[in-house]
Amino acid sequence: MSKSLLSWCNDIPESELGGVLQAAMHGAARGLSGLAEHSIHVTTLRLETVPIAQVATHAGDPETEVVGIYLLMEGDCSGQAILMLSLASALNLADVLLKVPPGTCTHLGEMERSALAEAGNLMVSYFLNAVATFFKKPGQLQPSPPTVMVDMLGAVLDVVTTPVAAVSDDLMIVEAGFTQGTSTNGGSDRAIRVHFWVLPDAAQIRQASSKLTRSEHTH
Amino acid sequence: MRDEIAVASNVQVVPIGEMAASGSPTDVLVAYGLGSCVAVCLYDPVTKVGGMLHALLPTVPNGKPTSNPAKFVDRGVPLLLESLLELGARRTRLIAKMCGGAQMVGFESNGTLNIGQLNVLAMEAALKAVRLKIHAQATGGHSGRTVRFYLADGTVTVRTLQQGERVLS
């Protein structure tokens, strides 16, 4: 667990942050499961500090075509959130969300993009609700309207990297993986795999960094 | 594309917020998946010295010192030029080609609305400040780009998912 990220939400005791984020990500999975009417599980949850130069390769092949669903988080725990899916996973998820037979969605038109945007909105809302519940400030953390991008992974990640780069050489990421269903279909061509990143905003990173610096000098 | 060079080439990836300079004609400098980022390729056709900057922000905030100048167009361009001159390039022979600066999202509240455009404007200003003329560019739009820079002859190619790869001229 990254020490820097533990300073992200300054009001959360270090011992409780992992549990809060775990509850928040499981909440996001429940939100997506409810919308899709399919069981979707959290498969991985990590807190990472990634150098900006390595962000694209950390996420995969920077030239690969991906679908990114991007939202800003506003309120006491502001920052950015992005869901990333392969094009195949996005089409499979669109099938599920639109309740059409597998393989029906073959491209991302307006209807498919709208469904994916709604999924992003719901997942981030559930994530924020869990965090807000911890802060005892229900309803005060809100996501912005989502934007759906379909492009090279590197280009999609420019969007989350740029606001942070002005004040930091590293990205602090809460990173979770989600998979639909059981192991029997996990490797099939109908699988849905979602990578979900939450990034605290630049001001909080600066605050966390200065706290860390002070802490390092103290010890 | 350009398989005859690729066979004998040495690919150097130029990650986001970094730069690379080389005097080896077999080198190919590559920046993958530029979105709002901007890349500039500078090339001396006589010495075959070339370099690429892959910057993601136009200027250093408040002009403060920075641990990584290559993140910023205004600091990165003079740094790249200095590296090329040290490798034997001559400023008066340098050919500049610029790519990137797309607008990937339209949110107004986080300041990313025009970051691609701001990067392009900053690059034009930074190159003008060191008296370099832009010979070709593929900038703006809403698509990611991969840029390959072949030091054998200074060719720059640009690839997008929609249009494939083309030579920038």
Side-chain angles (χ1 to χ4, degrees), chain A residues 50-75 78-82 87 108 117 142-171 199 201-203 206 209, chain B residues 13-20 30-39 54-62 64 66-73 99-116 118-119 141-148 158-162 165:
Chain A
V50 182
I52 281 171
Q54 295 172 19
V55 167
T57 49
H58 173 81
D61 174 354
E63 263 198 308
T64 301
E65 185 172 27
V66 298
V67 178
I69 307 163
Y70 178 69
L71 304 94
L72 293 171
M73 302 182 301
E74 292 156 356
S78 59
Q80 309 176 82
I82 187 164
L87 186 59
L108 293 180
Q142 299 292 332
S144 70
T147 292
V148 178
M149 297 172 273
V150 185
D151 214 308
M152 295 177 183
L153 174 63
V156 166
L157 287 176
D158 270 9
V159 174
V160 294
T161 308
T162 302
V164 180
V167 294
S168 176
D169 290 335
D170 301 307
L171 250 63
L199 301 95
D201 78 5
R206 196 164 36 207
S209 299
Chain B
V13 177
V14 185
I16 186 169
E18 297 200 357
M19 62 173 223
V30 186
Y32 290 109
L34 296 172
S36 58
C37 285
V38 66
H54 181 173
L56 71 162
L57 288 163
T59 55
V60 177
N62 306 316
K64 290 179 180 173
T66 174
S67 57
N68 181 9
K71 288 194 298 187
F72 303 95
V73 173
C99 305
Q103 182 181 340
M104 303 304 297
V105 291
F107 291 125
E108 294 182 17
S109 54
N110 72 344
T112 58
L113 178 63
N114 290 316
I115 193 70
L118 291 174
N119 280 334
H142 302 280
S143 298
R145 299 173 170 94
T146 286
V147 182
R148 289 182 171 81
V158 181
R159 177 176 178 263
T160 65
L161 290 178
Q162 295 78 19
E165 191 165 23

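Please read these numbers as outputs of a predicted model, since none were measured by experiment.
- How far CG of D61(A) is from OH of Y32(B): 7.5 Å, rounded to the nearest 0.5 Å.
- Expressed to the nearest 0.5 Å, how far CD of E65(A) lies from CD of Q162(B) amounts to 7.5 Å.
- Your options are V60(B), V14(B), L57(B), and the one with the most heavy-atom pairs under 4.5 Å with chain A is L57(B).
- Heavy-atom distances place no part of L153(A) under 4.5 Å from chain B, backbone and side chain included.
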- Task: Show your reasoning for whether side-chain contact (heavy atoms from CB on, under 4.5 Å) applies to I16(B) and V55(A).
- Result: CA-CA 8 Å; I16(B) 186 169; V55(A) 167; 5.5 Å; no
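- Among the candidates P51(A), A53(A), A166(A), the residue making the largest number of heavy-atom pairs closer than 4.5 Å to chain B is A53(A).
- Here the closest heavy-atom approach between residue L161(B) and residue E63(A) is recorded as CD2-O, 4.1 Å.
- Looking at heavy atoms from C-beta onward, V159(A) lies out of side-chain contact with S36(B) at the 4.5 angstrom threshold.
- Only the backbone of H142(B) comes within contact range of chain A, judged by heavy atoms closer than 4.5 Å.
- Of all heavy-atom pairs spanning G144(B) and A155(A), the tightest one is CA-CB, 3.5 Å.
- Neither the backbone nor the side chain of A56(A) comes within less than 4.5 Å of any heavy atom of chain B.
- Contact check for T147(A) versus M104(B): no side-chain heavy atoms found under the 4.5 Å cut-off.
- Only the backbone of T160(B) comes within contact range of chain A, judged by heavy atoms closer than 4.5 Å.
- Within the 4.5 angstrom heavy-atom criterion, atoms from both the backbone and the side chain of R159(B) approach chain A.
- With chain B as the partner, the residue from G154(A), P62(A), A165(A) showing the most heavy-atom pairs under 4.5 Å is A165(A).
- Neither the backbone nor the side chain of T64(A) comes within contact range of chain B; no heavy atom of the residue lies under 4.5 Å from a heavy atom of that chain.
- Heavy atoms of L56(B) lying under 4.5 Å from chain A belong to its backbone as well as its side chain.
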